[in-house]
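Taking it in order: structure first as structure tokens, then the write-up.
Every value quoted in this text rests on a predicted model; they were computed, and no experiment measured them. So you know, we letter chains A, B, ... as the sequences are listed, proteins then strands, and number each from 1.
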Number of protein chains: 2
Amino acid sequence: MAETTADEVPQLQERPKRIDARRNKQSLLDAAAAVFTKSGVDAPVREIAAKAGVGMGTIYRHFPTRSDLVVAVYRHQVEACAEAGPRLLRESDTPEAALRAWVALFVNFLVTKHGLASALHGDNAGSDALHAYFVDRLVPACEALLHAALAQSQNSSTINAYSVLKGIGNLCVGAATDPNYDADRLVQNLISGVLLQTSP
Amino acid sequence: MAETTADEVPQLQERPKRIDARRNKQSLLDAAAAVFTKSGVDAPVREIAAKAGVGMGTIYRHFPTRSDLVVAVYRHQVEACAEAGPRLLRESDTPEAALRAWVALFVNFLVTKHGLASALHGDNAGSDALHAYFVDRLVPACEALLHAALAQSQNSSTINAYSVLKGIGNLCVGAATDPNYDADRLVQNLISGVLLQTSP
DNA sequence: TGTTTTCCGGAACGCTGTTCCGTATAGTTC
DNA sequence: GAACTATACGGAACAGCGTTCCGGAAAACA
């Protein structure tokens, strides 16, 4: 639940944060995690601050933007997803199976976190921390899997891993709240189509 | 540009709207169309009212919700898209070609209207006029094309046309503002995957 | 304990979509 | 043309959002 200890432990030439600051940051992370799972990622910042027993100023000092808080809350799961890529590639029967398993993992992650997929769009002039973090960590993982799967089927087409990843994320939008919408199936269909495509 | 004349012409037992009311409604539709293409579908309501030279009350009397205004502005193009379905099915070489052409049409429509795809998510407890209208008009068209294409390839799998249509719409989110994201290609890949899938 | 540095709380700001109501005006009747 | 009524208008006001600001509290240090 805690963030990397990078900013909680004294760096060279830096004093440690005050203990109430560290305590509040942790309360905020816990409260945010709870509120996000209950009311979705779009829950008001005030609600999180209230649940953590903290003022508005405090939340914005620790997390300069709403997006940063979301990143901090889901950092571990995103990291786990990124690290699952190479592992699946090693342990699966075929590269395509590895890709499909990884994608299912990613989809499950997005769908169970209500509103995360919608929040992923880099609305704010491309400087959206959430979007940037997902891209940074997951595009390389996705790319490796895609290349391996394409090589397996001797498909020499060029793929844009970023594009595919964003497509998967987009397909997950609204999946949790719409019982008639089957994101899982569509994503697997999309993968089929991507692997099938001929080089341009 | 004008709406259907349904509510501008006197119905039985109904008096015609006042002429300033009709004039303002038209001004609003024109202003909204202009603002939407300039600033995207998410443009503030105040901006549209200002451009039309009209107050806040007026805009909400004619269009009870932001969503209704968007529907009114794009009604003709959605209608055209719906009607293109049967026509393409008649004039194309194969049902699959018709489906792909229709999907390309739909994608082009969504992508050129900045923000329309994002606005399509039924946020407001399912009572979103925009979402409902799109579903009403386009799901049947999409369904006919899908069935025809599946029959062609002797694929007996069941498809959920609503799911596929929503998936296509989702894939278009952010397509206009992200040069690295190729929605067109992904959508065609998705169609490939959907047509390829085996019955469950 | 006294001083300094850091951090906190919550009111306030600017931006949304939407509602409300006193006022203006088109349509109707004389 | 004047008087009257139903209809529509304008824009201030409301609620809710993310974010900023700053006087005051509290931790760390001497």
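- Look at CD1 on Ile48(A): it is 8 Å from P on dG18(D), rounded to the nearest Å.
- Considering NE2 of His114(B) and NZ of Lys38(B), their distance stands at 12.5 Å, rounded to 0.5 Å.
- Nearest nucleotide to the side chain of Ile19(B), out of dG17(C), dA26(C), dG9(C): dA26(C).
- One finds no side-chain N or O of His62(B) lying less than 4.0 angstrom from the OP1 or OP2 phosphate oxygen of dA8(D).
- Regarding contacts with the backbone of dC8(C), a side-chain N or O of Asn24(A) is found under 4.0 angstrom from either OP1 or OP2.
- Atom CG of Leu69(B) and atom P of dT18(C) are 10 Å apart (whole Å).
- A residue-by-residue look at Arg61(B) and Val54(A) shows that Val54(A) has its nearest nucleotide of DNA chain C further toward the 5' end.
- Contact check, Thr65(B) against dT18(C): a side-chain N or O comes under 4.0 Å of OP1 or OP2.
- Closest to the side chain of Asp20(A), from the set dT19(C), dC8(C), dG10(C), is dC8(C).
- Using modelled atom types and a 3.5 Å distance limit, the side chains of Tyr162(A) and Asp178(B) yield a donor-acceptor pair.
- Taking atom CE of residue Met56(A) and atom P of nucleotide dC22(D), one finds them 18 Å apart after rounding to whole Å.
- The phosphate of dT19(D) has OP1 or OP2 within less than 4.0 Å of a side-chain N or O from Tyr60(A).
- A sub-4.0 Å separation between OP1 or OP2 of dA8(D) and a side-chain N or O of Thr58(B) is absent.
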Could you walk me through whether Arg100(B) and Ile191(B) pass the side-chain contact (heavy atoms from CB on, under 4.5 Å) test, one step at a time? CA-CA 8 Å; Arg100(B) 288 190 184 276; Ile191(B) 296 298; 3.9 Å; yes
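- Here the side chain of Arg46(B) is nearest to one of dG18(D), dT19(C), dC14(D), namely dC14(D).
- Note: CZ (Arg22(B)) to P (dT7(D)) measures 14 Å, nearest angstrom.
- Contact annotation: the side chain of Val71(A) never approaches that of Phe134(A) to less than 4.5 Å [non-hydrogen atoms, C-beta and beyond].
- Closest contact between the side chain of Arg18(A) and the listed nucleotides dT16(C), dT6(C), dG18(D) involves dT6(C).
- Rounded to whole angstrom, the span from the NZ atom of Lys25(B) across to the C1' atom of dC9(D) amounts to 16 Å.
- Between the CG atom of Asp68(B) and the C1' atom of dT18(C) there is a distance of 13 Å, given to the nearest Å.
- In this structure, Ile159(A) and His147(A) have side chains that are in contact, with non-hydrogen atoms separated by less than 4.5 Å.
- Here the side chain of Arg66(B) is nearest to one of dA12(D), dC9(D), dG17(C), namely dG17(C).
- Each of Glu47(B) and Arg23(B) was assigned the nucleotide of DNA chain C with the nearest heavy atom; the assignment lying further toward the 5' end belongs to Glu47(B).
- If you take NZ of Lys17(B) and P of dA26(C), they are 17 Å apart, rounded to a whole angstrom.
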